[in-house]
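Heads up, the thing below is written out as structure tokens.
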Amino acid sequence: NSNEGAAGGEISALEEAFRKFAVHGDTRATGKEMHGKNWSKLCKDCHIIDGKNVTTTDVDIVFSKIKGKSVRTITFEQFKEALQELSKKRFKGKSDEEALQEMYKLIEGKGPGLTGVTKTVASPTVSRLTDTSKFTGSHKERFDASGKGKGRAGREDLVDNSGYVSGYKHAGTYDHKVQGNK
């Protein structure tokens with residue numbers, strides 16, 4: 001069965017879609033558990049919610065039912081249970097197994113859509129302001145030749161606390177000289 005390929009080390013298309021949606025919008029997410037918000041997004045983006053048989057309310061109810069009492073996420077196994085639950089509503093005329101297969105087909109290979117995401121504007125003004133090669137003065141020191149920021153080193157004068165006088169050329173050679181004369 002193509003949906004249970006996780007045992008062989010490779011992950012199924014269904015699990016891959018689950019992971020993509022699980023990490024969407026959350027930088028700390030591992031992809032092993034899915035929040036209710038991402039569950040709703042998956043159901044919308046993969047057209048599980050059709051407005052007739054399955055509504056956003058149904059999706060939320062199933063999520064609440066499947067997850068544990070004090071938990072706010074569902075695992076991949078619980079995700080499959082939730083799909084089974086919804087597949088009965090979404091594909092009413094079909095057997096449970098057929099309905100589940102149809103449900104998997106809707107989700108497999110999909111990722112979170114980026115609808116309503118703000119696009120960056122490529123106007124000449126913005127590009128001139130963000131081109132680090134044209135910076136002058138102290139701002140020029142904040143970026144390396146490739147235009148990547150130097151972070152704190154570019155903003156502050158970092159003090160050399162090595163104990164040597166500034167400008168001393170032979171720093172760190174004392175031990176070498178002392179042991180070389182023995």
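Judged purely by atom type and a 3.5 angstrom limit, W39 uses its side chain to pair as donor or acceptor with the backbone of V59. Counting only distance, with no hydrogens or angles, the side chain of T55 and the backbone of G51 share no donor-acceptor pair below 3.5 Å.
Legend: side chain to side chain donor-acceptor pair (under 3.5 Å) pairs involving residues 69-78, not counting sequence neighbours, sorted by first then second residue: E33-T73, T75-Q78. Applying the salt bridge (charged side-chain N to carboxylate O under 4.0 Å, His left out) test to pairs two or more places apart or on separate chains, those with a residue in residues 52-63 are D58-K89.
Every residue two or more places apart in sequence or in another chain that forms a side chain to side chain contact (heavy atoms under 4.5 Å, CB included) with K150 is listed here: D144. Residues forming a salt bridge (Lys or Arg N to Asp or Glu O under 4.0 Å) with E85 (at least two apart in sequence, or on another chain): K65. For V23, the side chain to side chain contact (heavy atoms under 4.5 Å, CB included) partners two or more places apart in sequence, or in a different chain, are A29. Shown here are the salt bridge (Lys or Arg N to Asp or Glu O under 4.0 Å) partners of K20, two or more places apart in sequence or in another chain: E16. Residues satisfying the side chain to side chain contact (heavy atoms under 4.5 Å, CB included) test with R142, not counting sequence neighbours, are H139, R155. Not a single side chain to side chain donor-acceptor pair (under 3.5 Å) links K105 to another residue, sequence neighbours left out. Residues passing the side chain to side chain contact (heavy atoms under 4.5 Å, CB included) test with E98, sequence neighbours excluded: K94, S95. By the ring-ring contact (aromatic ring centres under 6.0 Å, His included) test, F18 is found to be paired with F76, F79, residues two or more places apart in sequence or in another chain being considered.
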Legend entry - Worked verdict on L106 versus F91 for side-chain contact (heavy atoms from CB on, under 4.5 Å): CA-CA 12 Å; L106 285 175; F91 302 101; 3.9 Å; yes
Inset, instruction - Take E15 and R19 through the side-chain contact (heavy atoms from CB on, under 4.5 Å) test and state the conclusion after the steps. - result: CA-CA 6 Å; E15 191 166 357; R19 286 186 182 174; 3.2 Å; yes
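Looking at heavy atoms from C-beta onward, K80 lies in side-chain contact with Y104 at the 4.5 angstrom threshold. Taking 4.5 Å as the limit, every side-chain heavy atom of S40 sits out of range of all side-chain heavy atoms of I49. You'll find the side chain of F21 reaches within 4.5 Å of the side chain of K41, heavy atoms only. Using a 4.5 Å heavy-atom cutoff, the side chains of L42 and I48 are in contact. Contact check for E81 versus I74: no side-chain heavy atoms found under the 4.5 Å cut-off.
Here the straight-line distance linking atom CD of E97 with atom OG of S87 works out to 9.0 Å at 0.5 Å rounding. Atoms SG and CG, from C43 and L83 in turn, are 7.0 Å apart once rounded to the nearest 0.5 Å. A distance of 15.0 Å separates CG in N53 from NZ in K88, rounded to the nearest 0.5 Å.
Side-chain heavy-atom separations under 4.5 angstrom define the hydrophobic clusters, and I61 shares its cluster with no other residue.
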